[in-house]
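Take a look at the structure below.
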Amino acid sequence: MSDWIDILSTALPISQAIEFVTHPDAGGINIFLGTTRAERSPAHRDLVALDYDAYHLMAMQRMNRLAVEARRSWPIVRLAILHRMGRVHLGEPSVIIAVSCPHRADAFAACRWLIDQLKADVPIWKKEIWADGANSWVLPDLEKSGQ
Amino acid sequence: MRITVKLFAILRDEAGVGELLLDLPADSDVAYAVDRTVKQFPSIGDHLARAAYAVNREYAKPETALHDGDELALIPPVSGG
């Protein structure tokens, strides 16, 4: 199997993802981790965690398609796209993109493209969980990119 | 025809349900099914301006035709990663 694409309800297996994409044909491995960043809002005090939900079947389908498309654009040896569901606390990863290619330029480019596309198109949503118990679904700013 | 409508995130919170069945006239399209869903759960109406739609897990337009057994998902702006 050359791709590992999954939605998990437990902590993401970072070192396993690295091991998975490691291969003698690859000279460059690029790993992206999306992690929960601390935030303070005047109304709700501090962010405690993000809580993720997904349209599972469609999310898996879209992620698989991104992998197929990425493979058409870059010479990818192996890739992993892992997204976590449920509660993700500060500093913990909610998503891993791991890509190995013969040369590092392609590994960087493919990894970046995959996370940018995942954030644009895959039906997954996150909710902010605040210290005072309030929570609010994140509404991405249409103007922002590369955040 | 009968279709399943799936609601997610803020839409599910507002409606109080994540899934419902709709009986629709033949030749109904996505827009009609969405209207019917809003009639049933008026508070989701405020959150549909930026929503996308998917039929059987493929992104669809308001004018996409529906068929018996279809699954229509109302997809608020995504925020994965």
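When each of Leu139(A), Asp121(A), Leu118(A) is scored by its heavy-atom pairs under 4.5 Å with chain B, the top score falls to Asp121(A). For the set Gly18(B), Pro76(B), Ala52(B), the count of heavy-atom pairs under 4.5 angstrom toward chain A peaks at Pro76(B). For chain A, the option among Ser79(B), Gly81(B), Gly80(B) with the highest count of heavy-atom pairs below 4.5 Å is Ser79(B).
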Given side chain to side chain donor-acceptor pair (under 3.5 Å), test Ser136(A) with Glu128(A) step by step and report yes or no.
CA-CA 5 Å; Ser136(A) 43; Glu128(A) 293 158 323; 3.0 Å; yes
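The main-chain N or O of Val77(A) is found under 3.5 Å from a side-chain atom of Arg71(A) such that the two form a donor-acceptor pair.
At a 4.5 Å heavy-atom cutoff, the contact between Val138(A) and chain B is made by backbone and side-chain atoms alike. At a 4.5 Å heavy-atom cutoff, the contact between Ala120(A) and chain B is made by backbone atoms alone. Of the atoms belonging to Lys126(A), heavy atoms from both backbone and side chain fall under 4.5 Å from chain B. Of the two parts of Arg62(A), only the side chain, counted from C-beta on, holds a non-hydrogen atom closer than 4.5 Å to a non-hydrogen atom of chain B.
Two residues are said to be in side-chain contact when any heavy atoms from C-beta on lie closer than 4.5 Å; Tyr55(A) and Glu71(B) meet this criterion. The shortest side-chain heavy-atom distance between Ile7(A) and Met60(A) falls under the 4.5 Å cut-off.
Both tests hold for Arg78(A) against Phe20(A): distance to the six-membered ring centre under 6.0 Å, angle to the ring axis within 45°.
Within 6.0 Å of CZ on Arg104(A) lie no more than 12 heavy atoms contributed by other residues, nucleotides or ligands.
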